[in-house]
Structures are given as C-alpha cells and as structure tokens.
Amino acid sequence: MQRARALRVLSASLWRRGSTREALPHSLEALSITAADPTTIDHANVLLDHGMLHMFLRDHSTALSSLSTALDVFLQAGDLEQVAVANGNIGTVFRSMNKFDSALEYYERALGSANLIRDGRILAGLHGNVGTVLFYSARYQEALHHQSIALSIFEQHGAKTGAAGTLDGIASIYVALGQYASAIDAYDRALDLFTQAENILGVAIVLGNKGVALRKIMEIPGALEVYDRSLEIYETLGDKRGAGGVLGSIGNLYLDLHEDARAQDYFTRALSCFEDAGHESGVAVMLGNLGLVLKQVNDLVGAEDAYRRSIDMCERLHLSDHACRTRVNLGEIYQLQGRYDEALELYSTGVDALTELGIVHEVANTRARIGSIYLDERYVGRSLERAEEMLLLALDAAAGIDGRPAAINVYGMLSKVYRQTERWKECLESTERAHALQELLSGERSTQEAERLEHRRTLQNAERDRQVKLARYQEQERILNNILPSMIAERILHGSTMIADRFERVTVFFSDIVGFTPLSASIPPEQLVTALNTVFTVFDGLAREHGLEKIKTIGDAYMAVAGVPEVCEDHADRAAQFALDVLAAMPGIRERTGLAIDVRIGLHSGPAVAGVIGENKLAYDLWGDTVNIASRMESFGAAGHVHVSDSFAEELRAQYAGKGVDITRQNNPSSMLLLQRGEFDIKGKGRMATWFLQRA
C-alpha cells in the first residue's frame with residue numbers, strides 16, 4: 001500500500017504540472033494495487049486523483065465514474081472532508097464540460113459538507129469555484145459575492161496564495177463588468193501577495209491576466225510590459241506551456257491592432273512552445289488563432305488548413321467548446337469562398353453545439369451568419385423568408401446579454417429583408433432600432449473611453465508619484481553613499497537599524513600634519529581650509545585607488561582602514577602601498593599649497609569593531625585596541641616616515657613571504673622595505689617593537 005500512495009503522489013505532481021500523459025501509467029498502477037480492496041480509503045483517494053487526471057485528459061466519462069465511485073466510499077466511511085473534496089471535484093469536471101448547472105449542484109453539495117466540518121481551506125476553495133462557474137455563466141454579481149467570501153476566509157487564515165488566486169478571479173469579474181480600474185487594483189493586490197509568498201508562477205499567471213485587462217482599455221505599452229515580465233518568468237522556469245499562453249495573448253493583442261504579420265509571428269511562436277511542451281489543447285487553440293490571422297490576410301487556403309487541423313485535435317481531445325467555435329470560423333471561410341451549402345452545414349451544427357454549451361452570444365452571431373447566406377443574391381438557395389427566420393432567432397439569442405453589436409448587425413440585415421419585400425413600416429422600425437442601439441453602444445463606449453482615460457490618468461499619477469519617490473530614494477542613496485561605505489548605505493536603505501560588525505584582521509592608517517597647530521595660527525583661515533582640502537582630497541583619491549575606507553578626519557588628522565567593511569586578505573599590503581603613496585604625494589602638495597608641511601603616518605594590524613552611530617548625522621566609525629595602537633604609531637613616529645607596529649610588520653612580511661620575498665632585506669624584488677626601529681615605551685601598552693616602512 002505504501003507503493004500505491006507514493007505512485008499516487010508522483011502521478012498527482014505530474015498532472016498538476018501539465019504532464020498528464022506521463023502521469024497516467026503511475027495512476028493506473030496505483031489503481032491496480034488498491035483495487036484488491038475497493039472499499040478502502042486508499043483506493044478512494046487514488047480514484048479521486050485518477051478522476052482529476054482524466055478530466056485533464058478530457059476523458060470526462062472516466063473522470064466522473066472514478067470520482068463518483070470515490071464519493072460512495074467516502075460517504076460509507078463518513079469522511080465528510082473527503083466527501084466535500086469529491087463533490088467539489090465532480091463539480092469541477094462538469095465545469096470543464098461547460099455544464100454549469102450540474103457543476104453548481106455538486107459545488108453546493110460540497111459546501112454543505114464543508115460547512116459541517118468548518119474547514120476554512122475547503123470552504124474558501126469551494127466558494128471560489130462557485131464564483132468561477134457563476135462568472136462563466138455571466139452571473140457576475142453573484143460570482144463576485146462568492147469570490148469575496150472566499151477572499152475573506154483566505155485572509156482570515158493568512159493564506160496568501162489562496163487570497164492571491166481569489167483576487168485574480170475577482171479581477172477577471174471586474175474586467176467582464178468593464179470596471180477596469182477595480183480590476184487593475186485587484187490584479188496588483190494579487191501580485192503583491194504572490195510576491196510575498198514567493199510564488200513566482202502565481203506572479204507570472206497574474207501578470208498575463210493583467211495584460212488582458214490592459215489590452216481591453218488599449219493600454220498597449222502597459223499590456224506589452226506585463227506580458228514581457230510574465231514571459232520572462234515562464235522562460236526562466238522553463239515552462240513552455242506558460243510561455244505559449246503569454247505568446248498567444250501577445251498575438252491576440254496584435255490581432256486586435258490589425259498588425260497581422262506580428263500576430264502571426266507570435267501565434268507561430270506560441271504553437272512551437274505548446275508543441276515542445278506536448279500541450280495538445282494549447283496546440284489546438286493556437287491553430288485556431290492562426291486560422292483567424294490567415295483569414296485576415298486573405299490566405300483562405302491556409303486558414304482552412306489551420307482550422308481543419310484544429311478541429312481534428314479538438315475532437316480527439318474532447319475540446320467541444322473550441323471545436324464548435326472553430327467549425328463556425330471554418331464555415332466563414334467557406335462562405336467567403338462561395339461554398340454556401342458547406343458553410344450552412346457547419347453553421348447549423350455550430351448553433352446546436354453552442355446552444356448546448358450555453359454560449360448564447362455566439363449562437364446569435366452564428367444564426368446571423370446563416371441569415372446572411374440566405375440573404376445573399378449569389379446563393380442559389382436564396383430565401384428571404386429563411387433569412388428573416390434566422391435573423392429573428394439571432395435577435396432572440398442576442399436578447400438579455402451583451403449582444404448589442406450582433407443585434408445592430410441583425411437589425412441592419414432585417415431592414416434589407418423588409419425593404420426587398422416592401423414591408424416599409426418594419427423596415428423603418430428595424431433601421432430605427434439599429435440606430436438606437438448604435439447610439440446606446442456609442443454612449444457606453446464613450447463612458448468606457450472616459451473610464452479608460454481616467455484609469456490612464458490614475459496610472460500616470462501613480463507613475464509620477466513613483467518617480468518622485470524614486471528620486472527621493474536616489475537622493476537619499478547618494479547622500480548616504482557620500483558619508484557611508486556603499487555596502488553600509490545599502491544595508492540602511494534596506495531597513496537595517498543596528499549595524500555593528502567585528503573584523504578579525506584589519507589594518508588602520510593614521511596620519512597627522514607635523515606642526516599644524518602653530519601653522520594654523522600664522523595663516524589666514526581661508527588659506528588653512530584650502531590647504532587641508534587639498535591634502536585630504538589627495539588622500540581620498542589614493543584611498544579609493546588602494547581600496548581603503550576613509551573613516552574620518554579630526555582637525556589635521558586622517559584615519560582610514562583596509563579590510564573594512566569588505567574583508568580582504570591583503571589589507572596590510574593595501575595600507576602599506578597607500579601610506580607610501582601618501583608620502584610620495586607630499587612634495588606635490590607642498591608645491592600646490594605653498595606651505596612647508598609634512599606628515600607622520602602610523603599603521604597597525606589587528607581586530608576591530610565597525611558600525612554606524614548617531615541618528616541624525618550618521619557616522620561610520622571604528623573601535624578597538626587596534627585603532628589606539630595605530631594612533632600611537634603615528635604620534636611616536638617621525639616626519640616624512642611611516643611608523644608601523646610589529647604586528648603590522650609580521651602581517652606584511654607573511655604576505656610577501658608567501659611570494660618568496662623577504663621585505664626586511666635590502667634590494668628585495670618588492671617595492672618596499674621594513675627597517676627595524678627598536679623598542680619604545682608606548683603609552684598604555686608598555687614596550688613595543690616598531691619598524692619604519694619605506695620604498696625599497
């Protein structure tokens with residue numbers, strides 16, 4: 001039984017990722033193992049997954065049979081949780097068959113069981129499913145009610161992924177209602193939650209759906225931007241199926257814009273992705289889309305071929321809704337080619353299938369196409385009586401739905417029928433009704449255009465606010481980077497409130513201008529400040545060149561460190577090269593300032609603590625005995641010399657010894673030389689051995 005459970009998990013993981021064919025053998029093996037005792041919960045659970053797998057395989061008969069058998073076992077066992085799940089899954093199968101009344105019936109049963117056990121997760125999912133079915137049935141307000149309940153439950157349980165998915169569904173309802181600003185807001189909330197939950201796939205899905213909404217309001221740049229972001233995620237994940245869906249959406253966008261060449265290119269790329277992924281239903285749909293664009297460019301032979309291939313795949317995969325739509329589209333190709341009887345046959349079967357599927361507005365359009373053939377003078381079977389009959393049926397189908405565009409077209413054709421039969425009153429009435437509907441539709445379009453413009457203004461304002469915030473952030477970043485190391489500034493900008501780091505091996509540099517105090521009393525303040533600025537500007541440039549971090553200046557003293565905040569193994573060598581270059585720069589500084597100044601420099605290596613202090617005027621500082629000893633090396637040093645501790649000397653000697661160089665020997669191959677100075681009594685430290693560092 002353990003193997004059966006493992007096979008069930010493996011199969012489920014495969015079909016949930018879209019690999020239905022690969023999942024089937026594992027599901028069948030699990031079924032054969034558990035079939036020895038068909039009354040067990042294990043067998044029912046396998047049947048549960050087996051049924052959903054067959055739903056994705058479009059084998060609805062097997063799916064319903066498996067799920068119904070599982071439901072019976074759960075009912076007998078009194079397992080209300082699994083009863084709710086099984087009823088919900090049966091509802092989902094009926095939903096995929098477009099049998100919405102049956103789907104709602106089973107979802108309601110599932111809700112009854114879930115309410116008894118008060119399982120929030122199941123309740124939320126079922127309310128979401130009910131909302132989806134109502135959405136497909138164009139019962140938008142009821143759909144919104146159930147999706148709102150689902151969202152509330154998910155939020156109460158802190159289920160970010162569930163809440164995000166529900167917001168995505170709510171946004172789709174707003175799109176259908178033409179409330180695009182609300183839709184975009186819901187999509188953005190869903191994106192935020194999926195991002196927080198680190199659900200990258202969810203982000204990609206919502207971005208794709210948001211692109212559809214932006215396309216509806218003709219925000220083409222915005223739609224293309226989110227499509228590109230979605231496509232990038234799918235490509236990063238290696239999800240060919242998802243990438244194909246986004247490419248197809250971009251193709252539809254260009255089809256709407258009548259950019260047929262681009263539309264065809266994207267449909268072809270989408271088709272290739274679906275073929276690579278083995279996603280046959282995606283291939284079937286994309287072939288139908290290719291047929292549409294080929295018809296647009298008047299390649300009727302190519303369109304017919306694409307439609308026929310799509311229909312063959314749809315029939316094999318039991319994609320009845322797409323199959324009947326594609327048959328109707330193929331009928332339009334036949335009508336354009338003058339093959340009227342073949343077109344009528346496809347339109348008639350299409351009407352029957354669309355009526356059974358409940359796709360009412362397409363029934364209206366298809367009946368109108370039938371009426372247009374009987375009205376066509378080129379058709380040998382032309383019949384104004386049959387044309388009128390079909391057109392009136394088309395009007396009935398268009399009533400009570402968003403079928404005004406179809407109704408306007410039908411009234412126009414009816415006017416032609418009445419005019420040719422000299423029924424002038426009815427002709428006038430049809431013409432007036434067409435005009436009235438056109439005005440109503442124009443008014444609605446004007447309202448939608450106003451909403452679109454308002455939404456665009458909202459987006460522009462949001463973008464302006466974002467740019468202002470970005471500019472402020474960049475200014476803060478620039479200021480912080482001027483006063484703090486870039487790594488530390490980055491941590492503060494990302495919310496760090498306490499920065500204190502310990503470094504085991506660093507080298508601290510101290511310098512001091514010899515005789516600065518009497519000098520400052522003998523020259524004008526402006527000259528003094530200018531001279532200090534010249535000195536420290538040179539020091540700053542050399543520090544950047546050698547990779548040291550300037551810590552601060554105090555009067556005429558300059559402090560820097562190597563190995564902080566970024567750890568480096570060659571901190572002693574960096575500090576040594578910097579110190580020697582500072583000495584080498586002094587003649588030039590004396591010439592530029594006109595002052596006979598020199599510096600003492602001290603270096604010491606050891607551990608230190610670095611961090612940020614202050615609230616208003618932030619400062620990055622360094623603490624520890626290493627700082628104190630480096631300062632002592634400077635104060636006990638000599639003008640024009642680099643005075644270093646024995647600890648620093650050992651660190652530097654070890655670095656060069658690794659290269660086979662002894663820097664205490666004259667004429668060594670390096671650019672520097674350590675000369676022993678002897679021992680000194682260092683205040684607070686006792687006797688210490690020290691060295692002078694100079695160019696070799």
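As the structure is a prediction and not an experimental result, all values here were calculated from the model.
Ring geometry for Y136 against F100 counts as tilted: the plane angle lies between 30° and 60°, on a 0 to 90° scale.
Between R327 and E315 there is a salt bridge, with a side-chain nitrogen of the basic residue lying less than 4.0 Å from a carboxylate oxygen of the acidic one.
For S348 (side chain) and E345 (main-chain N/O), no donor-acceptor pair under 3.5 Å exists by modelled atom type. In this structure, the side chain of S230 does not engage the main chain of V226 through any donor-acceptor pair within 3.5 Å. In this structure, S66 contributes its side chain and A63 its backbone to no donor-acceptor pair below 3.5 Å. Looking only at distances, a side-chain donor or acceptor of T326 sits under 3.5 Å from a matching main-chain atom of H322. In this structure, H145 contributes its side chain and Q141 its backbone to no donor-acceptor pair below 3.5 Å. Of the possible donor and acceptor atoms, one in the side chain of S32 sits under 3.5 Å from a partner among the backbone N and O of E29. No donor-acceptor distance shorter than 3.5 angstrom exists from the side chain of S152 to the backbone of S148, with no hydrogens or angles considered. At distances below 3.5 Å, at least one donor-acceptor pair connects side-chain atoms of N115 with backbone N or O atoms of L111. Here the side chain of S272 pairs no donor or acceptor atom with the backbone of T268 at under 3.5 angstrom. Not one N or O on the side chain of Y266 forms a donor-acceptor pair closer than 3.5 Å with the backbone of V246.
Considering every non-hydrogen atom in both A284 and S310, the closest pair reads O-OG, 2.7 Å. For F267 against G248, the heavy-atom pair with the smallest separation is CE2-O, 3.3 Å. Here the shortest heavy-atom pairing between A368 and A394 reads N-CB, 3.8 Å. Across every non-hydrogen atom of G291 and A303, the tightest pair is O-CB, 3.5 Å.
Residues M313 and R309 are not in side-chain contact: their nearest non-hydrogen atoms beyond the backbone lie 4.5 Å or more apart. At least one side-chain heavy atom of Y334 sits less than 4.5 Å from a side-chain heavy atom of E304. Taking the side chain as every heavy atom from C-beta outward, H60 and K99 never approach each other to under 4.5 Å. For the pair L134/Q147, no side-chain contact is recorded, criterion being any heavy-atom separation below 4.5 Å from C-beta on. The shortest side-chain heavy-atom distance between L67 and L47 does not fall under the 4.5 Å cut-off.
Once rounded to the nearest 0.5 Å, the distance linking CZ of F74 with CG of N87 reads 11.0 Å. The CG atom of D260 sits 5.5 Å away from atom CD of Q296, with the distance rounded to the nearest 0.5 Å.
Paired with Y347 under the rule side-chain hydrogen bond (donor to acceptor under 3.5 Å, both in side chains), one option of R369, Q335, R367, E342 passes, and it is Q335.
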